[in-house]
Each structure stands twice: as structure tokens, then as C-alpha cells.
Colleague: 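After the C-alpha cells below, expect a handful of questions from me.
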Amino acid sequence: MRTVDLRSDTVTQPTPRMRELMSKAVVGDDVYQEDPTVNQLEAYGAELVGKEAALFVASGTMGNLVALMTHTHPGEEVILEAEAHIYYYEVGGLCRIAGLVPHLLPGEGGIFTPEQLKKALRPANIHYPKTTLLCLENTHNRAGGRVLPQGQVEEIAEIAKEAGLKLHLDGARIFNAAAASGIDVKTLAAPFDSVMFCLSKGLAAPAGSLLAGSAEFIARARKNRKILGGGMRQAGVLAAAGLESLEVMTKRLREDHQRAKRLAERLGSIPGLRIAAPVETNIIMLDVTRPGVTAEQLVQAWSASGIKAIARSQYGIRLVTHYQIDDADVDYVVDTTSAYFREL
Ligand code: TLP
């Protein structure tokens, strides 16, 4: 039976070329900054996003947490969009480990307005925590892989900077945002003091993310990574795959976006289904609208046909395309789904 794994782009396997590069990687002890492959990845990653330096971390979650810890002190307040991955899916690390108070602003398409931010910024007062950081997410996961409007990002950044806040971008899928908008990653990252981006999602590396910022910020971040147990020694075997991610895999993301659009259009035209958010990148938010059918029932039916997906609510399902999904997979998912609703 065919397997079509649409749960996430995190399921991607390293490419054959990655495995070859990993086996040949020159390595050293990265805690002493002596791994030439990690050093090369960090320098290249920093240059790509237009920052002075970068730090190789185990995961996106670790990169975001290290950024929060490095920009702030425990007890301070961080402003986030209400559905931000950092708040929603990172196990509360921002409170438990960084000791921060989240101030959530409900957004539209993954972003709040400059007016909302102005209202949220409180004057100094003996009763308030100090607000020191603002985070945005591009593309925005829970909004359905939406690309943030760059003008709005820049306006928000301007207001935040005037108020003395630092800015961090959760750019787990920043290369998807660049591919979809035609705006280069340097411009997308420019308003932010730091940016985290993942190598192990649509870019197919087996593990790893980069946190980029000023040289001074990254030196402090390196220490916080060590506190979290993220000093990885001969990590060059992973960095070798990451270099291939940045040099090669970033260039093919439009293919995933086109397939996501095609899959969404065809699924959305099946009576009983509805596309819940505009498909701008590789994430599809699908709603089951047929009375009496839940998302979990459709996920179960798909599973019996080798199609893997995750129900995100009673009637909602998220599907994610990536380099292991081809046109024949799209046809297979559409045919299987049409047959399911026909035979109900
Ligand atoms: N997202 C994963 C799950 O955690 C939900 C996924 O399958 O989409 N920021 C954003 C915007 C993310 O989407 C993710 C992963 C992360 C950070 C965390 O990255 P990892 O999984 O490497 O810790």
C-alpha cells in the first residue's frame, strides 16, 4: 500500500546526498567551537539571514527558548500572537524555564495590528512586569502556514523598538515565507534582533535549527544553549546535512506550495470538505463540513489507506506537503477522499 505522510514537513527523511555528506563530514568538539562543519553552517546561515553570527541548536524549540532566555530576565513580559508556536506548542518553556509572563494578542492570519500593540504597551508602573521582548512567527503555523505581511511586520517592529523592546522571529519556515512572497530572507529577518530557522522541516535535515543575531547576542546564547544541555560535540555530522538544506533544499520549496494549492483546491471541491484558510505555503487547514462526520473519522479512514494526517480539532485537519509528496500522492489522496465521501 502507498504511504502518504501529510502530518508535517518534519517527517522528511534526509536525502541520499545528505547521507553521503554526513558520512564524510570533518568534525571536532563543537563545545570548543572546533567543529569545522558546524562553524561553516553557522557562518553560512548567519550570512543568509543577514546577521553577524548564528548558533546551531538541536531543535526549533531549543532555538526559540535560547532566544527568550538571552533577550530577557526571569519575571519579564513577552508579547506574542495568541496562537504562537512558542506559546502553544513549546511545553510552556517560556514560563517554566525562561520565567517569562506571556502577553497574548489575538491576531488575524497570524499577526496582530500595530494598534493592538500600542494598546498592549503599558507605561512603567510599580504593579507591572517589565516588557522586554516581542516575538512574531513567519510563516505562522496555526494560521495555516500564512506569510506575514511585511509592511505590517515593519510597522510593528518600529513601535516595539521605540518602546525599547527586543524582537525575535520564530522563522521555523522562513524559507517558505521567502519562496511564497518573493521577498528574500534577509529582508524578512531585518526588523528582528534574532531569528530562529529550522533545517529539519521542509529542508529535510535529520535534526537541527539555527539561531542568528548579533555576535554579542550569539556569544550569550551559546552559554544558554549549554545550560539546556545543547552543547553537541561532534555535531558536524548533522551540520553537513544542514548545509545541504540551505544550499539545495531551500530552492525547491515552491514545488511544495504548488502541490499544497492543488491538493487544497481539489479537496475543497469535494462536498463535505472546506478549506479553512488561504493556502499560501505548504500547510492546508481542512474542515469537515459533512454532518455526522468528524475529523478523527476521516483521519481513521485515510489511515486505512496509508494516508497519515492529524486532526487538530473536532472538525479540523492539518495537512502539510514536503519533498516526499509528489503529484501521484496528491491524486491518490483526492481519489481516496472522494471515494470515502461518495460511499458514506
Ligand atoms: N512545529 C511542529 C509541531 O511542533 C507542531 C510541526 O509539525 O509543525 N516554530 C514553529 C513555527 C514550528 O512549526 C515548530 C515545529 C517549531 C517552532 C519547533 O521546532 P522543533 O519541532 O524542531 O522543536
Side-chain angles (χ1 to χ4, degrees), residues 5-14 45 49 55-69 78 80-94 97-98 102 107 109-111 135-148 153 168-178 180 185 188-189 192 194-212 225 228-230 232 235 238-239 241-242 245 253 256 260 277 279-286 299 308-313 316-325:
D5 195 341
L6 293 164
R7 285 172 301 172
S8 182
D9 45 10
T10 59
V11 303
T12 43
Q13 299 270 320
V49 295
L55 182 71
F56 187 42
V57 289
S59 64
T61 302
M62 182 182 274
N64 282 331
L65 181 56
V66 166
L68 297 177
M69 289 169 73
V78 51
L80 301 142
E81 195 279 327
E83 304 251 337
H85 194 281
I86 291 176
Y87 173 74
Y88 216 98
Y89 289 126
E90 298 185 9
V91 212
L94 82 168
I97 302 175
I111 189 165
C135 300
L136 292 177
E137 184 178 317
N138 201 10
T139 63
H140 194 291
N141 185 336
R142 283 187 59 82
R146 297 291 294 276
V147 181
L148 303 188
V153 169
H168 171 69
L169 178 66
D170 176 349
R173 296 185 178 84
I174 195 172
F175 290 96
N176 293 86
V185 281
L188 295 175
F192 298 89
S194 61
V195 53
M196 184 286 292
F197 54 98
C198 292
L199 306 166
S200 64
K201 303 201 159 47
L203 304 183
S209 295
L210 284 165
L211 173 64
R225 182 187 69 173
L228 298 176
M232 287 194 290
L238 291 171
S245 292
L253 293 172
D256 298 341
V279 178
E280 293 178 349
T281 58
N282 65 331
I283 299 180
I284 302 167
M285 295 302 207
L286 191 67
V299 165
K308 297 184 184 182
I310 297 175
R312 60 186 175 91
S313 64
I317 298 172
R318 182 185 83 153
L319 303 173
V320 187
T321 58
H322 48 77
Y323 93 100
Q324 284 165 224
I325 302 296

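All heavy atoms count here, side chains included; hydrogens, waters and symmetry mates do not. Just follow the structure's listing: the first ligand is 1, and inside any ligand the first atom is 1.
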Colleague: Which residue supplies the protein heavy atom nearest to atom 11 (C) of ligand 1, what is that atom called, and how far is it?
Modeller: Glu137 OE2, 3.3 Å
Colleague: Identify the closest protein heavy atom to atom 23 (O) of ligand 1: which residue and atom is it, and at what distance?
Modeller: Thr61 OG1, 2.6 Å
Colleague: Is Lys201 close to Arg173 at the side-chain level, that is, under 4.5 Å between some pair of heavy atoms?
Modeller: yes
Colleague: Does Arg7 have a non-hydrogen atom less than 4.0 Å from ligand 1?
Modeller: no
Colleague: Could you check whether any heavy atom of His140 sits closer than 4.0 Å to an atom of ligand 1, since that is the contact criterion I want to use?
Modeller: no
Colleague: Any side-chain heavy atom of Val78 sitting closer than 4.5 Å to one from His168?
Modeller: no
Colleague: Please confirm whether Arg318 comes under 4.0 Å of ligand 1, counting heavy atoms of the residue only.
Modeller: yes
Colleague: Out of Ser8, Gly63, Gly60, indicate the one that has the non-hydrogen atom closest to atom 22 (O) of ligand 1.
Modeller: Gly60
Colleague: Heavy atoms only: which of Met62, His85, Met196 is nearest to atom 12 (C) of ligand 1?
Modeller: His85
Colleague: Say whether Arg173, considering both its backbone and side-chain N or O atoms, lies within less than 3.5 Å of an N or O atom on ligand 1.
Modeller: yes
Colleague: What atoms in ligand 1 come closer than 4.0 Å to a heavy atom of Ser59?
Modeller: 22 (O), 23 (O)
Colleague: Hey, are the side chains of Asp256 and Ile325 touching, using non-hydrogen atoms and a 4.5 Å cut-off?
Modeller: no
Colleague: Tell me: protein heavy atom nearest atom 9 (N) of ligand 1, and distance?
Modeller: Asp170 OD2, 2.7 Å
Colleague: Measure the shortest side-chain to side-chain distance between His322 and Val11 over non-hydrogen atoms and say whether it is less than 4.5 angstrom.
Modeller: yes
Colleague: Looking at Val49 and Ala212, what are the two nearest heavy atoms and their distance?
Modeller: CG2-CB, 3.6 Å
Colleague: Cys198 versus Thr10: any side-chain heavy-atom pair under 4.5 Å?
Modeller: no
Colleague: Checking the side chain of Arg225 only, and the main-chain atoms of Phe56 only, is there a donor and an acceptor separated by less than 3.5 Å?
Modeller: yes
Colleague: Among all protein heavy atoms, pick the one closest to atom 15 (C) of ligand 1 and tell me residue, atom and distance.
Modeller: Lys201 CE, 3.1 Å
Colleague: Do side-chain atoms of Glu83 reach the backbone of Arg142 as a donor and acceptor pair under 3.5 angstrom?
Modeller: no
